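In what follows, every chain begins at residue 1, and chains take the letters A, B, ... in the order their sequences are listed. All figures in this text were calculated on a predicted structure; none of them were measured in a lab.
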2 protein chains.
Amino acid sequence: MDTNTHFGRIRQALEEQITSGVLPPGARLPAERLLSERFHTTRVTVRGALNSLEQDGIIYREDRRGWFVAPPRLVYNPTKNANFHQMAAEQGYAPDTSLIEAHRIPSTPQIQQMLGLPPLSQVYRLRRLRSIDQRVVLFVENYIRADYFPDLLDHDLSQSLSTLYQERYQTVYQHVAFQLYPVALPEQAASQLKVTQGSAGLLISRVNRDQSNRIIDCDFEYWRHYALVVQAETT
Amino acid sequence: MDTNTHFGRIRQALEEQITSGVLPPGARLPAERLLSERFHTTRVTVRGALNSLEQDGIIYREDRRGWFVAPPRLVYNPTKNANFHQMAAEQGYAPDTSLIEAHRIPSTPQIQQMLGLPPLSQVYRLRRLRSIDQRVVLFVENYIRADYFPDLLDHDLSQSLSTLYQERYQTVYQHVAFQLYPVALPEQAASQLKVTQGSAGLLISRVNRDQSNRIIDCDFEYWRHYALVVQAETT
DNA sequence: GAGTGGTCTAGACCACACC
DNA sequence: GTGTGGTCTAGACCACTCC
């Protein structure tokens, strides 16, 4: 790290406090104004350093609440059909899902293309917010073929979909096509994840097929970018 | 997009110019000072909007040169053992690799662990820089078991390693374990990729095995985050 | 040498979280 | 109500690129 700039010095000083454990995961950082006094600089410069640490996933922010030390990343394997709750629990986190909305709606052209549906067909759209250890980390939109899952909306939608499919519809995820890239979080995802719109996130979208190779749903997962590491292997 | 802020209005205006094609991929944006005059604001605010567009992969910067409209992302499938040149060429880009350095060195503990090597063993370390259509997009470090590839450094190292392995050593990639997460680009990667250290990147690291399931090498790929979309599927 | 982005100063007001 | 981050102003100097 380049310590010839205020930027670099602040970054390094904070990083040391964090890696040494003086500031443990989850701890709140001193206020920006306090940091700017302590380093004899201005808030603009301090925010530059904080943004860089955020970029690196070392700290994260909650909109208008402050900056916090980031806990270790969740390991996410998109090729295993692991559900969120199981995955988080196995890694020692306390997962939670809250349903934001669930509707039966006409499909859009984009969704028709992803699900291989004709125009005017109906889908369910779920919007859900997921957290680990009380930190919201994931905003996810699911689009589900309505014809394959009658009365889906009558069930508990805060559980994992894969569990619901299996127990109520004798359907399991078999084949997954996924795609992933860094984005600036769009408005709704940002506000649900309690960050400023435009801050960094990771978009993972998946198209899922069942044991008969039928496309059954797709989803758009907006992750806070510090929250996960994607891992997979192939033979 | 929230147009109640200068930030949002600038972002939106630039985004429209880009998506409408007034500013085509590769085009240079007006200077920051010019933009700040045109939007009746200051450079600080303009840079906020530019950073947000950069976050989204819509524009990218070259250190001290300016801001440019980002071309479409390269599709990267880490589960296919595709080599960089082949992958880029198939998608209509002109790929290029330049060798920065190649040495035979003692392995570090981290590399020993990844390659399953005992202490004091030797590895080759390659550092290479890769570009598509003259834009540098990837800085990659390879660590290769020296015992499996005698005289490796005598060959042309600006070609794809998988080609070299296959033609000279009768060795092919068979099994890949990879891991991926967003990072702030570290010093060397940043300077090679011609960006400010601390700007956003994607780190992909892989451990590769050959047809006999022996670990043969590992690599650390630092991508400019706007340059790629990761895609894969599994059965 | 002119122009660019990179960094920085020293303030200000606002919306919101928390008490 | 107090303190926080979010946004913004109106400048400045430096390091570097490009001509």
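- Of all the residues in residues 31-38 of chain A, A:Ala31, A:Glu32, A:Arg33 reach under 4.0 Å from DNA chain D with at least one non-hydrogen atom.
- Between the P atom of C:dT7 and the CG atom of A:Asn51 lies a distance of 12 Å, rounded to the nearest Å.
- By the side chain to side chain contact (heavy atoms under 4.5 Å, CB included) test, A:Val75 pairs with A:Gln91, A:Val229, A:Gln231, sequence neighbours left out.
- When the side chain to side chain contact (heavy atoms under 4.5 Å, CB included) test is applied to B:Glu16, the partners found at least two apart in sequence or on another chain are B:Gln12.
- Judged as a side-chain hydrogen bond (donor to acceptor under 3.5 Å, both in side chains), and not counting sequence neighbours, the contacts of B:Ser158 are B:Asp156.
- Nucleotide D:dT9 holds its P atom 15 Å from the CZ atom of A:Arg43, rounded to whole Å.
- Spacing between atom CG of B:Leu29 and atom P of C:dT4 amounts to 13 Å, rounded to whole angstrom units.
- With distances taken from any side-chain atom of B:Thr42 to the nucleotides C:dC13, D:dT9, C:dC8, the minimum falls on D:dT9.
- In this structure, CZ of A:Phe39 is placed 13 Å from P of C:dC8, rounded to the nearest angstrom.
- D:dC8 atom P lies 14 Å from atom CZ of B:Arg11, rounded to whole Å.
- Side-chain nitrogen and oxygen atoms of B:Thr41 include at least one within less than 4.0 Å of the OP1 or OP2 phosphate oxygen of D:dT9.
- Under the ring pair (Phe, Tyr, Trp, His ring centres under 6.0 Å) criterion, A:Tyr222 pairs with no residue at all, not counting sequence neighbours.
- At whole-Å resolution of the value, CZ in A:Arg47 and C1' in D:dC8 are 11 Å apart.
- When the side-chain nitrogen and oxygen atoms of A:Thr45 are compared with OP1 and OP2 of C:dT9, one or more of them lie within a distance under 4.0 Å.
- In this view, A:Ser36 satisfies the side-chain hydrogen bond (donor to acceptor under 3.5 Å, both in side chains) rule with no residue, not counting sequence neighbours.
- Residues passing the side chain to side chain contact (heavy atoms under 4.5 Å, CB included) test with B:Pro30, sequence neighbours excluded: B:Leu34, B:Leu35, B:Arg38.
- A heavy atom closer than 4.0 Å to some atom of DNA chain D occurs in B:Arg64, B:Arg65, these being the qualifying members of residues 54-69 of chain B.
- Legend: residues meeting side chain to side chain contact (heavy atoms under 4.5 Å, CB included) with A:Asp63, ordered by chain and number and at least two apart, are A:Thr196.
- With ring centers used as reference points, A:Phe139 lies 6.0 Å or more from A:Trp223.
- Spacing between atom CZ of A:Arg28 and atom P of D:dG5 amounts to 7 Å, rounded to whole angstrom units.
- The closest side-chain heavy-atom distance from A:Asp217 to A:Tyr165 is below 4.5 Å.
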